[in-house]
Amino acid sequence: MRRMLRFEQTDLDFLTSARGVALLAQLAEADLSDQGMLRLISGLRRSYSARESSAALELAQLRRGAIGKFGQAASVMFFTRDALEQASHPAARSWRARCLGTQQPVRILDVCCGIGADALAMAAAGAQVTGVDIDPVRLRMAALNAETLGLRLTLHAADARALPPALWQEAERVFFDPARRDGQNRVYHVEGYEPPLSTLRGWDGTRIWAKLSPGVQRDQLIDYLGDCAGIDFISADGELKEAMLRVGEPEPGPAQRAVMLLKGIFHVIDTRPEATAPLDRPRGWLVEPDPAIIRAGAVEQVAAELGGALLESDIAYFTTAERPETPTVKAWRIRESMPFNVKALRARLRDLGVGHVTVKKRGTAVTPETLIPQLKLKGKSSCTIVLTRNLGEMVSLICEDLVEGNFDSPEGER
């Protein structure tokens, strides 16, 4: 496997030259698999230096890998490997662009802007964006990306810990995107970010959005939360992508919010901590909320709104009598509920002719890898087994397999 190349200014000089542009166009159609790369490297070195070949191959691979985040625009953009990994998911970029509004251009300062992913999305939404980064290579890539996409960015090389006051004082909003990795390892505490989240304390009086790891623990944010602050948990098609801290808002808003992009439509739930739902035995359907709802602490609220009941107060499942008609949850029809016992479950599945199961779990240490071999399945039908707790006891729910519903809603936000 090839080692990651760290781009330098001389690499960008070559990649933006006529020879470099021609080589990148050639590589856009090439076989970049491990086997293909060996053939390419040997052929390229007849016309290019080892460094030129490596830089072009690295960027060609990154452009292909960036399509999921940037679409076809990735084919002409510039990336470093770590900057691409840190670049926001399209759902998060789109959400921030929507939150900017369209009344008038907003002056945004993007701190730790990297290759410009969020800065470009906000500029495309009409904002006047100034990007700041300590890495001159990433800044140059951001400038190249802006030029390629026909967008305008103002860029400065500066350390986030020592920003010139004029930069953040003149901004109407600061977007702060610290690195959440230390080499190949994820950083789980906000004060371990690079730079740490506490850096934003130096920008007092400014409205700030800070990008956080989606699994950030709320107790790490106690000192940042107040009447005019909150957290958005952002998911896309059922996968949690990001948490975003909102600080210095002009007026109180939701302390926590679930933001879900589902089939191209945003669904937003403001968490109401006072909402309550009863506890009950399983009804007709087992319901699992979107992970953004779970992280935003809105499970009980959504259960109550759908006429449901929790299985257990600390388990992120609930149950309803009818199938919930909303795309923000998944639901399985419950065939049977029984106390958890492997022998009894095996016997019942054999009675039902089940030969294949999907196992889901919450609130139990039993794993699918341990359970499935013990069931010794025989039969032609399939089902979903849910292992969880209900009113203090471990239960097995035998459910029909998930069938994705068609919950179309009018275009826009719900």
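- Dense packing is recorded around NE2 of His156, with more than 12 heavy atoms of other residues, nucleotides or ligands lying under 6.0 Å away.
- Salt bridge Arg64/Glu58: absent, no basic N to carboxylate O contact under 4.0 Å.
- The cationic group of Arg181 does not satisfy the cation-pi geometry with Tyr193, failing either the under 6.0 Å distance to the six-membered ring centre or the 45° limit from the ring axis.
- Ser235 and Asp290 form a side-chain donor-acceptor contact under 3.5 Å, judged by distance and modelled atom types alone.
- Donor-acceptor pairing under 3.5 Å is lacking for the side chains of Arg152 and Gln128.
- Within the 3.5 Å criterion, the main-chain N or O of Leu311 finds a donor-acceptor partner in the side chain of Asn390.
- Checked by atom type and distance alone, the side chain of Glu191 pairs as donor or acceptor with a backbone atom of Ser198 at under 3.5 Å.
- Between the NZ atom of Lys211 and the CD1 atom of Ile234 there is a distance of 9.5 Å, given to the nearest 0.5 Å.
- In this structure, Ala66 and Leu84 approach most closely via the heavy-atom pair CB-CD1, 3.7 Å.
- A salt bridge is absent between Arg201 and Asp204: the closest approach of a Lys/Arg side-chain nitrogen to an acidic carboxylate oxygen does not fall below 4.0 angstrom.
- Annotation for Asp314: atom CG counts as buried by contact number, over 12 foreign heavy atoms lying within 6.0 Å.
- Taking every heavy atom of both residues into account, Met37 and Leu32 meet most closely at CG-O, 3.4 Å.
- In the displayed structure, Glu29 atom CD is contacted under 6.0 Å by at most 12 heavy atoms of other residues, nucleotides or ligands.
- The heavy-atom pair separating Ala87 from Ala117 by the smallest distance is CB-CB, 3.9 Å.
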Dump the intermediate steps for side chain to side chain contact (heavy atoms under 4.5 Å, CB included) on Phe7 and Arg138, then the final yes or no.
CA-CA 9 Å; Phe7 287 104; Arg138 288 189 182 186; over 6 Å; no
Please report the C-alpha distance between Gln256 and Arg295 in whole Å, then the side-chain angles of each, then the deciding distance to 0.1 Å, and finally whether the side-chain hydrogen bond (donor to acceptor under 3.5 Å, both in side chains) criterion is met.
CA-CA 9 Å; Gln256 296 191 146; Arg295 288 292 286 125; over 6 Å; no
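- With rounding to the nearest 0.5 angstrom, the CG atom of Leu261 is 12.0 Å from the CD atom of Glu239.
- With Ser382 contributing its side chain and His356 its backbone, the two residues share no donor-acceptor pair below 3.5 Å.
- Under the 3.5 Å distance criterion, with hydrogens and angles disregarded, no donor-acceptor pair is assigned to the side chains of Thr388 and Glu312.
- Exactly one residue among Leu197, Ile208, Val190 makes a side chain to side chain contact (heavy atoms under 4.5 Å, CB included) with Leu245. That residue is Leu197.
- In this structure, Leu59 CG and Phe14 CZ are separated by 10.5 Å, a value rounded to the nearest 0.5 Å.
- Pairing each heavy atom of Pro368 with each of Lys361, the nearest pair is CD-CD, 3.9 Å.
- In this structure a side-chain-to-backbone donor-acceptor pair under 3.5 Å is missing from Ser94 to Pro90.
- Contacts of Phe176 classified as ring pair (Phe, Tyr, Trp, His ring centres under 6.0 Å), with partners at least two apart in sequence or in another chain: Trp203.
- Screening residues 50-87 for ring-ring contact (aromatic ring centres under 6.0 Å, His included), with sequence neighbours left out, gives Phe70-Phe79.
- Counting only distance, with no hydrogens or angles, the side chain of Arg180 and the backbone of Leu212 share no donor-acceptor pair below 3.5 Å.
- Residue pairs meeting the salt bridge (charged side-chain N to carboxylate O under 4.0 Å, His left out) criterion with at least one member in residues 87-96, sequence neighbours excluded: Arg96-Asp118, Arg96-Glu242.
- The backbone N or O of Asp177 sits less than 3.5 Å from a side-chain atom of Gln86, completing a donor-acceptor pair.
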Glu300 vs Arg272, test: salt bridge (Lys or Arg N to Asp or Glu O under 4.0 Å). Steps then yes/no.
CA-CA 9 Å; Glu300 197 163 358; Arg272 293 185 289 104; over 6 Å; no
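- The neighbour count for Glu85 CD, taken as heavy atoms of other residues, nucleotides or ligands under 6.0 Å away, is above 12.
- Ala303 approaches Phe318 most closely through the heavy-atom pair CB-CG, 3.5 Å.
- Annotation: cation-pi geometry satisfied between Arg173 and Trp209 (NZ/CZ under 6.0 angstrom from ring centroid, within 45° of ring axis).
- When the shell of 6.0 Å around CZ of Arg6 is examined, it contains 12 or fewer heavy atoms from other residues, nucleotides or ligands.
- Inspection of the Thr384 and Lys360 side chains reveals no N or O donor paired with an N or O acceptor under 3.5 Å.
- Heavy atoms from other residues, nucleotides or ligands lying under 6.0 Å from NZ of Lys69 number more than 12.
- Taking NZ from Lys241 and OG from Ser88, the interatomic distance works out to 12.0 Å, rounded to the nearest 0.5 Å.
- Nearest heavy atom pair, residue Ser213 against residue Val187, reads OG-O, 4.0 Å.
- Other residues, nucleotides and ligands place more than 12 heavy atoms under 6.0 Å from the CD atom of Gln374.
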Could you give me the CA-CA distance, side-chain angles and deciding distance for Leu38 and Leu40, then say whether side chain to side chain contact (heavy atoms under 4.5 Å, CB included) is met?
CA-CA 5 Å; Leu38 292 174; Leu40 278 171; over 6 Å; no
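- Rounded to the nearest 0.5 angstrom, Glu400 CD and Leu286 CG are separated by 12.5 Å.
- A donor-acceptor pair under 3.5 Å is formed between the side chain of Thr364 and the backbone N or O of Val366.
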Begin from the C-alpha positions of Lys263 and Asp237 and carry the test salt bridge (Lys or Arg N to Asp or Glu O under 4.0 Å) through to its verdict.
CA-CA 7 Å; Lys263 295 183 179 180; Asp237 294 321; over 6 Å; no
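- Of the possible donor and acceptor atoms, one in the side chain of Arg63 sits under 3.5 Å from a partner among the backbone N and O of Ser75.
- The structure places CG of Leu153 at 7.5 Å from SG of Cys113, a figure rounded to the nearest 0.5 Å.
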Which is it for Arg257 and Ile231 under the side chain to side chain contact (heavy atoms under 4.5 Å, CB included) test, yes or no, and what are the steps along the way?
CA-CA 6 Å; Arg257 186 161 60 184; Ile231 314 170; over 6 Å; no
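- For Gln169, the CD atom sits in a packed shell: over 12 heavy atoms of surrounding residues, nucleotides or ligands are nearer than 6.0 Å.
- Applying the side-chain hydrogen bond (donor to acceptor under 3.5 Å, both in side chains) test between Arg140 and each of Asp135, Asp133, Asp13 identifies Asp13 as the sole match.
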Tell me, with the steps shown, if Glu249 and Arg207 meet salt bridge (Lys or Arg N to Asp or Glu O under 4.0 Å).
CA-CA 6 Å; Glu249 297 293 337; Arg207 298 176 66 182; 3.0 Å; yes
Chi angles and distances behind the salt bridge (Lys or Arg N to Asp or Glu O under 4.0 Å) call for Arg362, Glu288:
CA-CA 10 Å; Arg362 284 190 187 276; Glu288 181 180 54; 3.0 Å; yes
Assess whether side chain to side chain contact (heavy atoms under 4.5 Å, CB included) is satisfied between Val111 and Val174, documenting all intermediate values.
CA-CA 7 Å; Val111 180; Val174 173; 3.7 Å; yes
